[in-house]
Number of protein chains: 2
Amino acid sequence: MANKSGRATGKRSQRTRSPPPSAQERGGEQPLSLGRIVVTAIELLDAEGVNGLTMRKLADRVGSGAMSLYWHVDNKEAVFDLALDTVLEYRGPQQKAEPQDWRGEVLHMLEDWRASMLRHPWSASLLPRRALGPNILNRLELLSKTLSAAGVGDADLNAAIWSLWNYVMGATITRASFDFLDADRAAAQQRLTSLSERYPTIESSHLLLDDDWDGAFRKGLGFLLDGLPLR
Amino acid sequence: MANKSGRATGKRSQRTRSPPPSAQERGGEQPLSLGRIVVTAIELLDAEGVNGLTMRKLADRVGSGAMSLYWHVDNKEAVFDLALDTVLEYRGPQQKAEPQDWRGEVLHMLEDWRASMLRHPWSASLLPRRALGPNILNRLELLSKTLSAAGVGDADLNAAIWSLWNYVMGATITRASFDFLDADRAAAQQRLTSLSERYPTIESSHLLLDDDWDGAFRKGLGFLLDGLPLR
DNA sequence: GATCGCATCGTACGACGTACGAGTCAATTG
DNA sequence: CAATTGACTCGTACGTCGTACGATGCGATC
């Protein structure tokens with residue numbers, strides 16, 4: 001832990017090699033590469049969750065030995081970081097909307113964000129422990145620009161950005177963890193029966209049963225956008 | 001995995017035994033108990049983080065053999081659940097404020113929530129993967145009652161509750177993960193220098209440098225409360 | 001004293017992340 | 001051509017983890 005910076009070996013970080021075009025396929029398998037490792041890791045995470053990703057299983061899926069991964073990747077944590085950042089990439093709105101529609105642009109980006117994470121529920125539980133990857137910073141940058149252009153004053157800008165970010169993060173994480181819970185219906189059912197006695201208001205409002213998550217997300221986001229102070 | 005429900009042994013779940021008052025202390029140590037396990041687990045989590053909690057280390061701290069823990073606890077996941085729920089307990093506002101001050105009551109509960117999680121940063125990264133414990137449900141119930149009494153209509157109630165919940169969750173998780181990042185200043189510094197080129201708006205607004213987290217939290221919460229539709 | 005439940009713990013097993021060094025093979029150099 | 005290099009792969013091994021299993025101790029009851 002103390003000599004963490006002693007890592008002098010370059011290993012792989014860029015993949016700018018001349019493509020071996022006519023390389024005869026070794027048993028019909030593609031060559032190992034960082035890209036292939038990452039997409040396979042995402043598949044594995046989708047299939048078996050955070051605890052299902054092990055270096056040995058990942059190597060099996062890629063068709064290599066376990067230790068071969070370590071040529072392309074520093075350690076398991078790096079695999080998590082790469083998978084997370086890959087999943088969070090954002091390609092702006094497909095058709096250029098009218099440039100004045102800041103609200104539409106913010107909504108599109110935030111809903112895409114949420115959708116991306118819900119497509120890969122493990123990402124929600126991974127994000128809290130990880131750094132801000134480039135794709136997250138891209139989204140923050142876009143959000144920042146759009147809000148500023150929309151007329152949010154400099155004094156309120158940071159609070160506004162964080163409010164939206166926080167809202168999306170919380171909503172997504174909550175939603176994703178509910179998916180986890182619903183996995184074992186037995187415990188869920190038992191919890192719900194005990195709810196009516198101990199938590200009457202929650203029960204009567206169907207807070208935990210209402211599954212119109214998308215609608216609630218949009219509605220709450222509307223509340224928040226309504227509260228933002230525009231110049 | 002298939003016979004998970006085959007667990008018929010009662011083990012320990014309640015601790016309503018007659019207290020052994022005159023039991024001579026065995027080497028001066030208290031008896032092992034679920035409560036002692038949980039508080040020790042929290043200490044260990046505070047000291048060494050999520051990855052620092054292992055059953056063997058926990059047993060050492062409690063002064064027992066590793067396998068003795070399993071008499072009181074189903075498995076390691078249960079330790080996480082118990083530690084998390086314990087940390088999230090809420091004892092309402094200390095002095096009874098005037099009963100009409102719904103905004104103050106909501107603010108107090110949400111800020112206490114955030115403060116509780118930030119006192120134990122591991123809780124933020126743990127929450128996304130765990131069930132809603134009783135103490136979380138208590139807070140949701142209180143929030144629900146307060147907002148309803150404040151005049152939020154039934155049609156908007158759930159969206160309002162989730163908005164506040166999402167906001168607090170997101171803000172807390174973000175804040176806690178920033179603490180993690182600041183642990184290694186080297187990478188942080190490097191990231192910041194590359195920021196000015198790639199992410200100009202983020203840079204110029206000092207989004208990542210401004211460390212008035214508490215103020216930003218309160219301000220954004222204000223935006224959100226301002227946006228709630230009251231009857 | 002014999003029996004029985006509660007509670008503790010030593011040993012052992014399989015799975016994990018990964019350090020280490022030996023192996024392969026194409027490109028480069030003489 | 002042979003020798004060397006460097007990019008890349010992987011088998012083995014070590015230490016650590018969660019925890020299944022069965023032996024053990026002990027106070028209460030018969």
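Chain letters run A, B, ... following the sequence lines, proteins first, then strands; residues in each count from 1.
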### Task
Nearest whole angstrom, please: distance from the C1' of D:dA13 to the CE of A:Met55.
17 Å
### Query
OP1, OP2 of C:dA7 versus side-chain N and O of B:Trp71: anything below 4.0 Å?
yes
### Task
Scan A:Thr54 against the nucleic acid and name what it touches under 4.0 Å (heavy atoms): base, sugar-phosphate only, or nothing.
sugar-phosphate
### Query
Nearest-Å distance, OH (B:Tyr70) to P (D:dC17)?
12 Å
### Query
Distance check: side-chain N/O of B:His72 vs OP1/OP2 of C:dC6, anything under 4.0 Å?
no
### Task
In sequence, state the C-alpha distance, the side-chain angles, and the governing distance for A:Trp162 and B:Thr174, and then conclude on side chain to side chain donor-acceptor pair (under 3.5 Å).
CA-CA 9 Å; A:Trp162 283 128; B:Thr174 301; over 6 Å; no
### Message
Can you identify which nucleotide, out of D:dT19, C:dG17, D:dT9, has its nearest atom closest to the B:Asn75 side chain?
### Response
D:dT19
### Message
By nearest heavy atom, map A:Arg56 and A:Leu69 onto DNA chain D; which one lands nearer the 5' end?
### Response
A:Leu69
### Task
Determine, for B:Phe217 and B:Arg114, whether the Lys NZ or Arg CZ falls below 6.0 Å from the six-membered ring centre while staying within 45 degrees of the axis.
yes
### Query
Quick one: is D:dC10 close enough that its OP1 or OP2 comes under 4.0 Å of any side-chain N or O from A:Ser68?
yes
### Query
To the nearest Å, how far apart are A:Lys76 NZ and C:dT18 P?
8 Å
### Message
I want to check something: taking the side chain as every heavy atom from C-beta on, are B:Val168 and B:Glu111 in contact at a cut-off of under 4.5 Å?
### Response
no
### Task
Could you check A:Lys57 against A:Met67 and say which one's nearest nucleotide on DNA chain C is further toward the 5' end?
A:Lys57
### Query
Could you state the CG-P distance from A:Leu32 to D:dC10, rounded to the nearest angstrom?
7 Å
#### Entry: Backbone of A:Leu107 reached by a side-chain donor or acceptor of A:Arg218 within 3.5 Å
no
### Task
Starting from C1' on C:dA15, measure out to CG on A:Leu53 and report it in whole angstrom.
14 Å
### Message
Applying the side chain to side chain contact (heavy atoms under 4.5 Å, CB included) criterion to B:Leu84, which one of B:Leu82, B:Val87, B:Leu88 satisfies it?
### Response
B:Leu88
#### Entry: Pairwise 5' ranking along DNA chain D for B:Glu77 and A:Ala66, keeping only the more 5' one
A:Ala66
## Note on the structure
B:Asn51 atom CG is separated from D:dT16 atom P, nearest whole Å, by 15 Å
